[in-house]
Amino acid sequence: MHTALVIEDVRLTPILVSDPPLLNTQGVHQPYTPRLIVEVVTRGGTTGVGETYGDGAYVEPARSLAEALPGRAVTDLNGLFALAEGVCGDVRAADGGGDAGADDRVDAGGLRGVRNAEKIRLSVASAFEVACLDALGKAVGLPVHALLGGKVRDSVEYSAYLFHRWAAHPGPGEADDWGQALDPAGVVAQARRFADTYGFGSFKLKGGVFEPDREIAAIRALAEAFPGRPLRLDPNGAWSVPTSLYVADQLKDALEYLEDPTSGTDGMAAVSAGTDVPLATNMCVTTLAEVPEAFARDAVQIVLSDHHYWGGLTRTRELAGICRTFGVGLSMHSNTHLGISLAAMTHVAATVPELAYACDSHYPWQTEDVITERHTFTGGRLTVSDAPGLGVALDRDRLAALHRRWLEDDGTYRERDDAAAMRAADPGWATPAVPRW
Ligand code: GKR
Ligand code: MG
């Protein structure tokens, strides 16, 4: 083994990142959201970085993996996943006391599909995999995309991620300068600012917030304001099959795809059978176990991969191969994330030939970061970095400040809970059952 590539130390830094009041079907984003930053330090003195979800269910198994990793090589990615399976085996214990029903739970209140032990383990291991690839790339002087087989494009297209939103979180605190967007005019104004500032040419609206006709009107207003531009609507499974078919029919001339209109494979298959509007998902198919049935029943036409929960960059490429085999499209999902994950998304997206849709990214909503130079979208695209590794550097002062915020938090924000945030404005709010409409 090349000793310079052996892992000497692993550092974990849980942080809280500020987040604007973006609405979804579960409630509203909290003022702060948890993320976990992983650093892998080699004997050769190279540090690689990774990032993943930061709720307790992820941080606890990450600690076990961090302890077990020293002594292994950053090249041993297969060994990393085997190790994760061994040392993070008991993730259910970290996920609510070993409840046997944990496999049936949904993630983030129902926004990210099934929540099971394997998915949590992969989401944890993904940050270590990205950190190993970053360290390896830096050590040998190659960008991460080269370690994944080489880029097939020099830039990656992203879409504007539009949200209905409030002007500010309830209570004291500073508001950003976006203002509220609670109707079609507000959504169009937000889209215009995204287009003017970042050059985005396609638009995704987070739906499931208001009754479907109001969201249909928002998409119609976008279609009028941006004729011919790809538009997507994602209610996170909030609609029944008949409602989904109604929306699909109303918007069939306007939508590039409809994302997770309804919950579950049965529902998605029924919607798919009743419309020609393609269906995309980051909820119905989020694990390999869900692939065979969903693909056999043509329940989804596009999988929105999230390298965190699919287990990293090499496994995202395996998913791309599976999608290619079955003629299913591939694009990329995003949850609140920082610049390390955006760099990782861009490297892997650059290596997948069939990626034919602009990827999602929450990044423009995140004004805080842990890297020294924020990514800049130009013409709606990010240039693929050819610098060694991911091409990002940690800003240690920022990292320390965001970690301090996590340390000082009384537990209110250490778990993402959009329904709890909604209760700050509406004390009677309960997590809505699906279908809502
Ligand atoms: O940030 O509110 C949100 C989104 O709803 C997010 O949680 C989802 O996981 O971005 C995701 C999606 O596309 O469904
Ligand atoms: Mg989605």
Side-chain angles (χ1 to χ4, degrees), residues 17-35 52-55 58 106-115 119 123 158-166 169 181 190 202-210 215 231-239 244 255-264 267-268 271 278-287 290 299-310 329-338 341-342 345 357-366 413 415-422 431-432 434 436:
V17 185
S18 66
D19 211 13
L22 309 178
L23 295 160
N24 59 34
T25 201
Q26 294 292 322
V28 63
H29 285 206
Q30 292 167 299
Y32 300 105
T33 196
R35 295 295 286 176
T52 191
Y53 297 107
D55 311 66
Y58 301 89
V106 287
D107 208 352
L111 300 170
R112 297 199 297 253
V114 69
R115 173 179 183 137
K119 190 165 152 193
S123 303
Y158 286 86
S159 67
Y161 201 148
L162 311 177
F163 278 84
H164 292 103
R165 56 161 290 164
W166 297 329
H169 287 286
Q190 191 184 97
S202 65
F203 303 90
K204 159 173 167 169
L205 175 62
K206 175 59 58 180
V209 176
F210 298 118
E215 298 186 350
L231 304 177
R232 303 106 180 239
L233 177 58
D234 173 17
N236 282 112
W239 302 331
S244 302
L255 287 179
E256 179 185 35
Y257 58 68
L258 198 49
E259 183 173 326
D260 289 307
T262 197
S263 296
M268 288 288 278
V271 177
L279 301 188
T281 186
N282 67 278
M283 291 172 59
C284 175
V285 180
T286 63
T287 61
E290 291 162 311
V300 302
Q301 287 76 50
I302 300 133
V303 172
L304 302 173
S305 150
D306 177 315
H307 76 266
H308 308 93
Y309 50 67
W310 284 95
L330 184 81
S331 188
M332 231 167 261
H333 164 256
S334 150
N335 217 102
T336 305
H337 64 85
L338 300 178
S341 279
L342 186 58
M345 290 163 69
Y357 303 88
C359 301
D360 286 352
S361 178
H362 281 241
Y363 193 67
W365 293 115
Q366 258 49 68
Y413 300 123
E415 309 291 329
R416 177 175 176 177
D417 190 342
D418 296 1
M422 190 60 135
T431 301
V434 289
R436 274 182 83 182

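We count ligands from 1, going down the list as the structure has it; atoms in each ligand are counted the same way. What you see below is based on every heavy atom in this structure, not just the backbone, and it leaves out hydrogens, waters and symmetry mates.
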**OP:** Hey, could you give me the CD1/CG distance between Ile302 and Asn282, rounded to the nearest 0.5 Å?
**Re:** 12.0 Å
Subject >> Smallest separation among heavy atoms of Tyr32 and Ser18, with atom names >> reply: CD2-CA, 3.6 Å
**OP:** With the side chain counted from C-beta on, respond yes when Trp239 and Glu215 share a heavy-atom pair under 4.5 Å apart, and no when they do not.
**Re:** yes
**OP:** Report, in ascending order of atom number, the atoms of ligand 1 lying under 4.0 Å from any heavy atom of His362.
**Re:** 1 (O), 3 (C), 10 (O)
Subject >> Near-ring test Tyr357/Tyr257, centroid separation under 6.0 angstrom >> reply: yes
**OP:** For the residue pair Asn335 and Asp306, confirm or rule out a side-chain donor-acceptor distance under 3.5 Å.
**Re:** no
**OP:** Run down the list Asp360, Asn335, Thr33 and name the one with the heavy atom closest to atom 8 (C) of ligand 1.
**Re:** Asn335
Subject >> Contacting atoms of ligand 1, where contact means under 4.0 angstrom from a heavy atom of Lys204 >> reply: 12 (C), 13 (O)
Original post:
Do Gln30 and Asp418 meet the criterion of a side-chain donor-acceptor pair at a distance under 3.5 Å?
Top reply: no
Original post:
For ligand 1, which atoms, with element, lie under 4.0 Å from some heavy atom of Arg112?
Top reply: 9 (O)
Original post:
Near the Mg ion (ligand 2), is there an N/O/S atom from Asn282 that is less than 2.8 Å away?
Top reply: yes
**OP:** Consider every N or O of Lys206 and every N or O of ligand 1, then say whether any pair is closer than 3.5 Å.
**Re:** yes
**OP:** Nearest 0.5 Å please: distance from the CG atom of Asp260 over to the NE2 atom of His333.
**Re:** 8.5 Å
Subject >> Atoms of ligand 1, numbered as shown, that sit under 4.0 Å from any heavy atom of His29 >> reply: 1 (O), 2 (O), 3 (C)
Original post:
Would you call the rings of Tyr53 and Tyr309 parallel, tilted or perpendicular, where under 30° means parallel and over 60° means perpendicular?
Top reply: parallel
Original post:
Among the N, O or S atoms that Asp234 has, which is closest to the Mg ion (ligand 2)?
Top reply: OD2
Subject >> Residue part near ligand 1, for Asp234, under 4.0 Å between non-hydrogen atoms >> reply: side chain
**OP:** Compute both the distance and the angle, then confirm whether Arg232 meets the cation-pi test with Phe203: under 6.0 Å from the six-membered ring centre, within 45 degrees of the axis.
**Re:** no
Original post:
Is there a heavy atom of Arg416 sitting under 4.0 angstrom from any atom of ligand 1?
Top reply: yes
Original post:
Side chain or backbone of His333 under 4.0 Å from ligand 1, or both, or neither, by non-hydrogen atoms?
Top reply: side chain
Original post:
Looking only at heavy atoms, is any part of Gln26 under 4.0 Å from ligand 1, and if so is it the side chain, the backbone, or both, or is it neither?
Top reply: neither
**OP:** Pick one of side chain, backbone, both or neither for how Leu111 approaches ligand 1, counting any non-hydrogen atom pair under 4.0 Å.
**Re:** both
Subject >> Per-residue contact class, Leu304 against ligand 1 - non-hydrogen pairs under 4.0 Å >> reply: neither
**OP:** Please work out whether any backbone atom (N, CA, C, O) or any side-chain heavy atom from C-beta onward of Leu22 is under 4.0 Å from ligand 1, and answer side chain, backbone, both or neither.
**Re:** neither
Original post:
Counting from 1, what ligand 1 atoms have a heavy atom of Tyr161 closer than 4.0 Å?
Top reply: 4 (C), 10 (O), 11 (C), 12 (C), 13 (O)
Subject >> the Mg ion (ligand 2) - name of the N/O/S atom of Glu259 that sits closest to it >> reply: OE2
**OP:** Name the orientation class of the two ring planes belonging to His362 and His337 (parallel below 30°, tilted from 30 to 60°, perpendicular beyond 60°).
**Re:** perpendicular
Original post:
Could you give the distance from CZ (Arg165) to CG (Leu22), rounded to the nearest 0.5 Å?
Top reply: 6.0 Å
Original post:
Relative to the heavy atoms of Ser334, which atoms of ligand 1 are at a distance of less than 4.0 Å?
Top reply: 10 (O), 11 (C)
